[in-house]
Amino acid sequence: MEFKGVFLLLGILFLVNGSFQQRPSKKKPMKKDAGKDSAIEGLQKQINDIVQELNLLKEQQALQTVCLKGIKIHGKCFLADPVKKRYHSASEDCNALGGVLSTPMSEDENNQLRDYIRQSIGSNEQVWLGINDMATEGKWMNQTGSSVFYKNWDTSNPRSPQPDGSKSQNCAVLSGSSGGKWFDENCRDEKPSVCQFNIV
Ligand SMILES: *[C@@H]1O[C@H](CO)[C@@H](O)[C@H](O)[C@H]1NC(C)=O
Ligand SMILES: [Ca+2]
């Protein structure tokens, strides 16, 4: 509804602006041209402001669509990408959409993400998480370059508690079949992913 109003206002301003611009073309020199110019300038500024606002609304609406297609968890939107890709491709494709690979920061967020993965991608799938220990072995960093505090590594196998891949496995997945537990994997493996967007 707010949207409609903006369009209407935009339309009116374009009409008004258009009728101002037509007059000088009649080649009747007028003394009040200066006043008219500043009026047009004022309108132009208002139009620019409205266009800016409209773009913002469009962005917000696009995000709403992402949320509608995906899921909203704790003020963030998550959208599944079932296409299997290497970690870097998955990350780049997600960045291009304005998001980062999903990185749950609490048990509740992790559980909700696990459930979303099960129903959108598949119950036995593993998806890339937005963390890696490429820079320093064993130091897991998130997509904004901070150390990861919440972790959910699978430690059910005492002989190989995760992460167990040392330098050959610097990326991590969330496993739908292991109750949302995390495993380190080779970044060149091809996995589905979930892209995460902050709600503005
Ligand atoms: C990375 O971790 C920091 C510190 O916990 C947090 O503030 C930031 O939101 C995290 N970034 C992502 C993309 O999860
Ligand atoms: Ca590693």
Side-chain angles (χ1 to χ4, degrees), residues 56 59-121 125-200:
L56 192 67
E59 261 177 47
Q60 284 172 354
Q61 204 203 22
L63 200 58
Q64 293 279 323
T65 311
V66 166
C67 278
L68 286 176
K69 277 198 278 179
I71 193 175
K72 204 189 249 177
I73 304 171
H74 293 170
K76 289 181 258 178
C77 300
F78 293 82
L79 185 63
D81 180 359
V83 182
K84 293 181 178 175
K85 299 168 193 171
R86 293 178 173 199
Y87 173 85
H88 279 106
S89 304
S91 179
E92 275 168 21
D93 290 355
C94 174
N95 291 166
L97 296 173
V100 292
L101 287 179
S102 61
T103 313
M105 288 174 64
S106 67
E107 189 182 341
D108 184 46
E109 214 172 297
N110 196 77
N111 288 344
Q112 290 196 53
L113 183 62
R114 174 204 62 205
D115 293 345
Y116 172 57
I117 288 163
R118 282 178 175 166
Q119 54 131 61
S120 64
I121 302 177
E125 292 294 345
Q126 296 188 328
V127 307
W128 288 128
L129 289 169
I131 63 170
N132 68 74
D133 73 335
M134 288 172 204
T136 310
E137 175 54 35
K139 195 161 190 279
W140 292 86
M141 311 282 270
N142 70 15
Q143 301 287 285
T144 35
S146 298
S147 294
V148 175
F149 293 111
Y150 171 74
K151 293 169 184 160
N152 195 33
W153 299 114
D154 184 285
T155 52
S156 61
N157 184 347
R159 266 174 295 167
S160 61
Q162 303 293 314
D164 65 347
S166 65
K167 285 189 174 168
S168 67
Q169 299 187 334
N170 293 340
C171 291
V173 294
L174 185 155
S175 166
S177 54
S178 300
K181 288 292 178 185
W182 299 3
F183 296 78
D184 60 340
E185 295 290 344
N186 189 307
C187 303
R188 286 188 299 276
D189 286 357
E190 297 188 335
K191 312 270 184 196
S193 54
V194 175
C195 197
Q196 165 187 317
F197 305 83
N198 284 326
I199 300 170
V200 277

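Remember, it's 1-based here, ligands and their atoms both numbered in the order they're listed.
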Output for ligand 1, non-hydrogen cut-off under 4.0 Å, lists V100, T103, M105, N142, T144, S146, F149
Exercise for review: Could you tell me whether R86 atom CZ has more than 12 heavy atoms of other residues or ligands within 6.0 Å of it?
Suggested key: no
Residues at least two apart in sequence or cross-chain that pass side-chain contact (heavy atoms from CB on, under 4.5 Å) with C94, listed by chain then number, are L101, C195
Do D108 and Q112 have a side chain donor and acceptor closer than 3.5 Å? yes
Across all chains, not counting sequence neighbours, the ring-ring contact (aromatic ring centres under 6.0 Å, His included) partners of Y87 are W128
* CD (E137) with more than 12 external heavy atoms under 6.0 Å -> yes
Counting only protein N, O or S atoms (no waters) closer than 3.0 Å to the Ca ion (ligand 2) gives 7
Atom NZ of K69 with >12 non-hydrogen neighbours under 6.0 angstrom
no
query = Going by atom types only, do N152 and K181 share a side-chain donor-acceptor pair under 3.5 Å?
reply = yes
Return yes when atom NZ of K85 has more than 12 non-hydrogen atoms of other residues, nucleotides or ligands closer than 6.0 Å, and no otherwise.
yes
When you check the side-chain N and O atoms of W140 and D184, is any donor under 3.5 Å from an acceptor? no
